[in-house]
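Below you'll find the structure, written out as structure tokens, and then a few comments.
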Amino acid sequence: SILSLEIRDDFAYLSDSRNRFRILDVSDPANIEEVGLIEIFLGIEDIQLVGDLAYVVNRRSGLRVIDISDPENPFEVGFCDTPNETNCLAIANDVAFVGCSAEWAGGVLLAIDISDPERPEEISRLGKYGNSRYVSVSGDYAYVGGSFRCMQIIDISDPINPIEVGFIDSPGSPGEVAVVENHVFMADGPSGGLRIFDVSNPEQPEEVGSIDTPGNAYDVAIKGDFAYLTGGSSGIQIINISDVQNPQEAGFLYEFSWIEDIVISENLAIIADVGGLKIVDLSTPENPEEISILSEIDNIFSLCIQEEIVFAVSHANIIHVIDVSDPEQPFELNAFQIGNDDYDIVVRGNRLYLTNGLSGILVVDISDLENPEGIGFYDTPGFPLGMALSEDGLIYIADRTNLSIYQFDDPNAGEIPNIRKPSEFRLTSAYPNPFNSSTTITYGLPHFGKVSLQVYNSLGKPTATLVDGYKKAGNYS
């Protein structure tokens with residue numbers, strides 16, 4: 001099938017679904033003949049002709065320049081990579097304007113200087129990349145990654161007016177990053193490997209080192225002179241980063257089903273694996289050794305650690321509280337459910353912060369680990385995924401469509417009354433019933449959650465909404 005078409009003089013220039021740029025002689029419409037052909041990686045989305053050159057954009061392969069001075073022998077003369085999937089093209093003077101798609105957002109417009117067709121060069125871009133999934137905060141900057149080959153650098157010195165000041169392109173779909181002083185360590189997604197950038201000048205980040213690793217690389221944790229990369233079934237890759245310009249593989253461990261998350265504590269790696277919570281001894285990075293597994297808690301995808309307590313979120317939306325004071329014999333202290341579609345978790349002091357795709361940000365009081373209590377929430381405009389907390393307590397959310405910054409003020413910072421909480425959800429009958437002008441309905445919640453309470457008439461139509469919002473655990477009338 002034909003994807004794009006341009007006609008000039010006696011020739012038609014088209015692309016097809018088999019990733020070919022074809023030139024047809026149409027001087028005799030009754031006898032159209034193909035005279036030239038060049039294969040290009042992935043499908044061409046748009047074609048523009050300027051003089052003896054054809055400019056084409058083709059999905060994930062960027063802008064390509066083809067010499068068509070001899071229609072029978074077209075050949076590529078220049079190329080400029082683009083961070084996203086390209087889908088449209090326009091040319092004015094010596095500038096090519098390329099539209100790139102960006103999931104969950106409006107897309108990106110690139111301006112590319114084509115004054116030298118052999119060396120087209122990006123000169124500016126407008127728009128957001130969307131699909132923000134990961135966020136890391138260090139000092140006055142937030143580093144936001146997603147799935148469209150770009151990580152944005154945001155100046156957050158004024159949290160009310162965050163400003164994008166730089167970006168890092170990635171050939172893959174950048175995973176999480178770790179920031180140590182003036183260096184960013186990026187897990188490079190499906191492309192695998194670790195990339196290291198000097199961000200001492202955030203407006204012009206510079207890649208200073210890299211290393212390829214087998215398989216995927218979605219998460220990275222740094223401890224001392226070592227970086228620990230994980231990605232699905234690729235196990236743990238341990239990289240010596242004492243020389244950031246020349247990172248070297250130091251060790252590896254492949255005995256995992258599917259790794260979702262990793263945190264480092266002292267000489268231990270706590271692993272969220274599909275097969276359970278695993279603890280690995282890293283005292284000798286060249287020879288990491290698994291020392292325990294809590295297999296009864298499986299399908300974990302996000303975790304964090306505070307002192308000797310691990311908080312892990314499972315795919316069943318259960319938050320597990322695990323004591324790892326004895327790494328060889330970890331055990332579960334408690335398990336509770338706050339919301340649905342939980343994604344990321346951070347603990348700071350007596351508060352647990354949770355991103356929840358359906359509910360936004362949830363805040364839980366964990367001063368009593370056996371009786372955690374929801375104390376706040378905020379319904380974000382997007383779909384909250386990654387989260388980071390700054391030293392001053394601000395909450396940074398990768399909200400898919402944006403980077404959001406929040407501040408939580410506990411309305412119950414004073415004395416909290418000791419209220420006996422119900423052990424299960426309870427809704428009592430209205431009393432009195434029947435009634436004249438008023439009645440009382442009582443309900444009880446065993447944990448923080450959303451409540452909707454409506455009144456219907458005898459025909460089954462809603463006539464009033466009594467409650468529509470989140471409530472803490474307790475009894476209500």
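Just so it is clear, the values below take in all heavy atoms, side chains as well, and ignore hydrogens, waters and symmetry mates. Numbers here simply count residues along the sequence, with the first being 1.
In this structure, the side chains of Val208 and His183 come closer than 4.5 Å at one or more pairs of heavy atoms. Leu63 places a side-chain heavy atom less than 4.5 Å from the side chain of Ile114. Residues Asp70 and Phe75 are not in side-chain contact: their nearest non-hydrogen atoms beyond the backbone lie 4.5 Å or more apart. Annotation: side chain of Arg351 is in contact with side chain of Phe408 (closest heavy-atom distance under 4.5 Å). Looking at heavy atoms from C-beta onward, Phe256 lies in side-chain contact with Val280 at the 4.5 angstrom threshold. Using a 4.5 Å heavy-atom threshold, the side chains of Asp219 and Tyr134 count as separate. For the pair Pro162 and Ile405, the minimum side-chain heavy-atom distance is below 4.5 Å. With a 4.5 Å cut-off on side-chain heavy atoms, Leu354 and Val364 do not count as touching.
Heavy-atom neighbours of Tyr406 OH from other residues, nucleotides or ligands within 6.0 Å: above the threshold of 12. Within 6.0 Å of OH in Tyr378 there are 12 or fewer heavy atoms belonging to other residues, nucleotides or ligands. The environment of Glu296 atom CD is dense: over 12 non-hydrogen atoms of other residues, nucleotides or ligands sit within 6.0 angstrom. Within a 6.0 Å radius of CD in Glu121, no more than 12 heavy atoms belonging to other residues, nucleotides or ligands are found. Other residues, nucleotides and ligands contribute more than 12 heavy atoms inside 6.0 Å of the CG atom of Asp158. A 6.0 Å sphere centred on CZ of Arg348 holds more than 12 heavy atoms belonging to other residues, nucleotides or ligands.
Across Val184, Ile154, Val137, a single residue satisfies side-chain contact (heavy atoms from CB on, under 4.5 Å) together with Tyr143, and that is Val184.
Shown here for Ala269 and Leu282, the closest heavy-atom pair between the two residues is CB-CD1, 3.6 Å. Of all heavy-atom pairs between Ser200 and Pro202, the closest is O-CD, 3.5 Å. The minimum heavy-atom distance between Pro205 and Ile153, with the atom names listed, is CG-CD1, 3.9 Å. When every heavy atom of Ala178 is checked against every heavy atom of Val220, the shortest pair comes out as N-CG1, 3.8 Å. Contact record, Tyr13 with Leu49: CD1-CD1, 3.5 Å, taken as the closest heavy-atom pair. Taking both residues in full, the closest heavy atoms of Gly36 and Pro74 are given as CA-CD, 4.2 Å, listed atom of the first, atom of the second, then distance.
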(message) Test side-chain contact (heavy atoms from CB on, under 4.5 Å) on Val165 and Tyr141; report intermediate values, then the result.
(response) CA-CA 9 Å; Val165 295; Tyr141 297 93; 4.0 Å; yes

(request) Before giving the answer on side-chain contact (heavy atoms from CB on, under 4.5 Å), spell out for Met387 and Ile395 the whole-Å C-alpha distance, their side-chain angles and the decisive distance to 0.1 Å. (result) CA-CA 7 Å; Met387 172 173 47; Ile395 309 166; 4.0 Å; yes

(message) For a side-chain contact (heavy atoms from CB on, under 4.5 Å) check, start with the C-alpha distance between Val263 and Leu303, then their side-chain angles and the critical distance, and finish with the verdict.
(response) CA-CA 7 Å; Val263 295; Leu303 52 80; 3.3 Å; yes

(message) Show, in sequence, the C-alpha distance, side-chain angles and deciding distance for Cys304 and Gln306, and conclude whether the side-chain contact (heavy atoms from CB on, under 4.5 Å) test is met.
(response) CA-CA 7 Å; Cys304 65; Gln306 180 166 267; over 6 Å; no

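Of the inter-residue distances, the one linking Lys278 atom NZ with Ile300 atom CD1 reads 11.0 Å to the nearest 0.5 angstrom. Atom CZ of residue Phe383 and atom OG1 of residue Thr355 lie 9.0 Å apart, to the nearest 0.5 angstrom. Here the straight-line distance linking atom CG of Leu253 with atom OG of Ser234 works out to 12.5 Å at 0.5 Å rounding. Taking OG1 of Thr230 as the reference point, atom CD1 of Ile262 lies at 5.5 Å (rounded to 0.5 Å). Note that CZ of Phe252 is 12.0 Å distant from CD1 of Ile236, once rounded to the nearest 0.5 Å. The structure places CG of Asp273 at 6.0 Å from CD1 of Ile259, a figure rounded to the nearest 0.5 Å.
Residues Asp344 and Ser302 bring a donor and an acceptor atom of their side chains to less than 3.5 Å of each other.
Using modelled atom types, no side-chain atom of Asn93 and backbone atom of Val95 make a donor-acceptor pair closer than 3.5 Å. Using a distance-only test at 3.5 Å, with no hydrogens or angles considered, a donor-acceptor pair links the side chain of Asp28 to the main chain of Ala30. When atom types are taken as modelled, the side chain of Asn240 and the backbone of Phe226 share no donor-acceptor pair closer than 3.5 angstrom.
Relative ring orientation between Tyr343 and Phe301 is described as tilted, the plane-to-plane angle lying within the 30° to 60° band.
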